[in-house]
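Since the structure comes first, as structure tokens, the remarks are kept for the end.
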Amino acid sequence: MYRDLTRGPISRSLILFALPMMAGNLLQQFYNIADTLIVGRALGAGALAAVGSAYTLMTFLTSVFLGLSMGAGALFSIYQGRGDQPALRAGIAHALVLILSVTLVINAAVYAFLPQILAFLRVPAEVWDGMQTYLLIIFAGLLATSIYNYLSCLLRALGNSTVPLLFLAISALLNMALDLLFVLGLHWGIAGAAWATVIAQYISAAGLSLYVLAKCKEWLPKRADFRYNRGVMREILSLSWLTCAQQSVMNFGILMVQGLVNSFGETVMAAFAAAVKIDTFAYLPVQDFGNAYSTFVAQNFGAGDSARIRAGTRRAFLISTAFSLATSALVCVFAAPLMGVFVSADETAVIASGVRYLRIEGAFYAGIGCLFLLYGYFRAIQQPGMSVVLTVISLGTRVALAYLLSAVWGEAGIWAAIPIGWILADAVGLLIAPPQAAEGAQFCKLPPETRACRKAVARGVQGKHQRKLRCPLPRGHSWVRESGTAGCVSWGRASMWHKKRRQIKTTG
């Protein structure tokens with residue numbers, strides 16, 4: 001089902017669009033959760049520490065092409081909101097080539113520099129071999145993860161958040177079944193958990209690829225769309241590389257924290273590995289709600305409907321905050337039983353450390369819920385640089401305070417640094433976002449357009465097909481066409497819309 005977020009009840013549309021995304025990402029966590037649960041129970045704390053630390057590294061690596069996919073997806077939503085099918089097909093083609101190229105380069109690099117990566121992470125000697133074995137196998141799944149994430153972002157940008165969920169459900173169930181077979185049945189150890197994840201990832205990517213080829217033919221690029229177009233690639237990169245930078249900076253900061261956690265030894269590593277899984281499950285719904293909100297804003301930004309963006313922003317923040325507060329209460333109350341799911345009852349020191357983490361950090365999920373909405377908002381209005389700024393504030397504060405406070409409070413200092421970073425980034429983002437959210441899109445008050453722009457407008461509509469207006473504009477501006485007129489839409493601080501329109505001579 002392809003949902004048009006530019007019309008209909010706002011809250012209902014947001015929630016119904018977000019629900020499959022939430023379910024899908026919760027299922028995606030089963031890839032690593034299954035490894036963590038089975039490895040922790042069957043192979044002990046040392047193997048759990050290896051898999052948990054590898055998960056943090058894999059999250060950082062996949063954040064690179066996930067960021068590229070999310071940035072491209074925001075642009076696809078804008079094209080969809082405008083109804084610009086030729087630009088959408090060209091964007092799909094160029095983004096696919098870009099993301100696959102980056103993925104192959106990353107895949108080669110991590111295999112080449114694996115010993116240096118493990119040394120950088122300060123992996124203890126007793127965990128080194130297990131983590132190296134796991135990573136050598138799990139790196140083979142990077143290509144499958146990249147393909148799946150790109151196609152998922154594409155379908156969600158077009159308004160379909162259900163189909164990616166279906167393929168994830170199949171692969172998640174398969175992953176758990178293979179974990180049981182390879183680890184408990186065939187006794188392959190930590191390598192069996194890695195192979196189970198890789199096989200499930202490729203099945204998910206292959207299934208989604210076949211679906212897109214069979215059911216999305218109207219959006220499939222033609223051969224001409226793969227010809228290099230500097231304008232299309234520039235638009236993709238303007239959103240994608242900053243979104244990629246935001247995702248990478250965020251996960252690199254987490255990686256730095258992981259290195260600090262590793263320095264505290266196997267017990268704290270195992271506690272952190274288990275607690276992070278619980279943590280991820282707890283705030284994944286608000287993360288996905290933020291992505292759904294971003295698609296909502298992008299489609300309405302492309303359609304030029306600022307009033308709907310304002311109303312959706314208010315409701316999104318209310319829904320996210322209410323959910324986060326309820327989740328925080330549950331995690332704080334049930335922290336010990338939740339840790340007991342992943343760790344044997346005999347590992348009392350590991351459970352105690354994990355409970356401290358969950359009760360310190362988990363009390364502030366509303367902070368990260370707000371931050372996810374701000375990330376999505378700035379990405380959707382073609383200002384991904386602000387997302388990078390907020391991420392640097394959040395992660396910079398987290399890393400700096402983690403190293404400072406851990407010298408005084410030990411591991412608790414690391415946990416306390418996380419929500420402080422969230423709150424500081426929220427404060428900065430909310431100071432910047434409200435005026436823009438309240439005022440919305442406006443037609444640009446620019447001097448007369450360049451010769452290239454006048455020429456593009458003069459071409460107008462040729463035959464039955466609209467041609468995209470390809471003309472240079474300041475950063476954050478884009479051309480739109482509505483009802484036979486053209487205007488430049490920018491994001492600004494005016495109290496009313498200012499319009500400069502020219503009638504387009506149409507033919508055919």
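What's counted below: heavy atoms across the whole structure, side chains too, no hydrogens, waters or symmetry copies. Count residues from 1 along the sequence.
Between Ala366 and Leu325, the shortest heavy-atom distance links the atoms CB-CD2, 4.2 Å. Across every non-hydrogen atom of Leu371 and Trp422, the tightest pair is CD2-CD1, 4.2 Å.
Judged purely by atom type and a 3.5 angstrom limit, Gln299 has no side-chain atom pairing as donor or acceptor with the backbone of Ser77.
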Review point. So Glu411 and Ser353, side chain to side chain donor-acceptor pair (under 3.5 Å) or not? Walk me through it.
Key: CA-CA 8 Å; Glu411 63 186 85; Ser353 180; 2.4 Å; yes
**Study point:** Intermediate values then yes/no, side chain to side chain contact (heavy atoms under 4.5 Å, CB included), Val268 and Asn262
**Key:** CA-CA 7 Å; Val268 177; Asn262 292 350; over 6 Å; no
Practice item. With side chain to side chain contact (heavy atoms under 4.5 Å, CB included) as the test, would you mind laying out the steps for Ile147 and Leu100 before giving the verdict? Key: CA-CA 8 Å; Ile147 293 171; Leu100 289 181; 3.9 Å; yes
Check your understanding: Should Ile278 and Met339 be marked as a side chain to side chain contact (heavy atoms under 4.5 Å, CB included) after you check the CA-CA gap, both sets of side-chain angles, and the distance that decides it?
Key -> CA-CA 8 Å; Ile278 299 166; Met339 283 295 298; 3.9 Å; yes
Review point. Hey, mind stepping through Leu284 and Met22 against side chain to side chain contact (heavy atoms under 4.5 Å, CB included) and telling me if it holds?
Key: CA-CA 7 Å; Leu284 252 183; Met22 294 177 188; over 6 Å; no
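In this structure, a donor-acceptor pair under 3.5 Å is absent between the side chains of Arg310 and Asn300. A donor-acceptor contact closer than 3.5 angstrom is absent between the side chains of Asn291 and Tyr375. A donor-acceptor contact under 3.5 angstrom links the side chains of Tyr293 and Thr313, judged on distance only.
Outside the 6.0 Å centre-distance limit, the rings of Phe17 and Phe296 are not counted as a close aromatic pair. Aromatic ring centroids of Trp195 and Phe182 lie 6.0 Å or more apart.
Atom CD1 in Ile203 sits 12.5 Å away from atom CG in Leu168 (nearest 0.5 Å). Distance check, rounded to the nearest 0.5 Å: CZ of Phe289 to CG of Leu19 gives 9.5 Å.
Other residues, nucleotides and ligands place no more than 12 heavy atoms under 6.0 Å from the CZ atom of Phe364. In Tyr111, the OH atom is crowded: over 12 heavy atoms of neighbouring residues, nucleotides or ligands sit closer than 6.0 Å.
In this pair, Trp415 and Phe272 present their aromatic rings parallel. The plane angle is below 30°, not in the 30 to 60° band.
Of the listed residues (Leu5, Leu158, Leu14), just one forms a side chain to side chain contact (heavy atoms under 4.5 Å, CB included) with Thr295, and that residue is Leu5.
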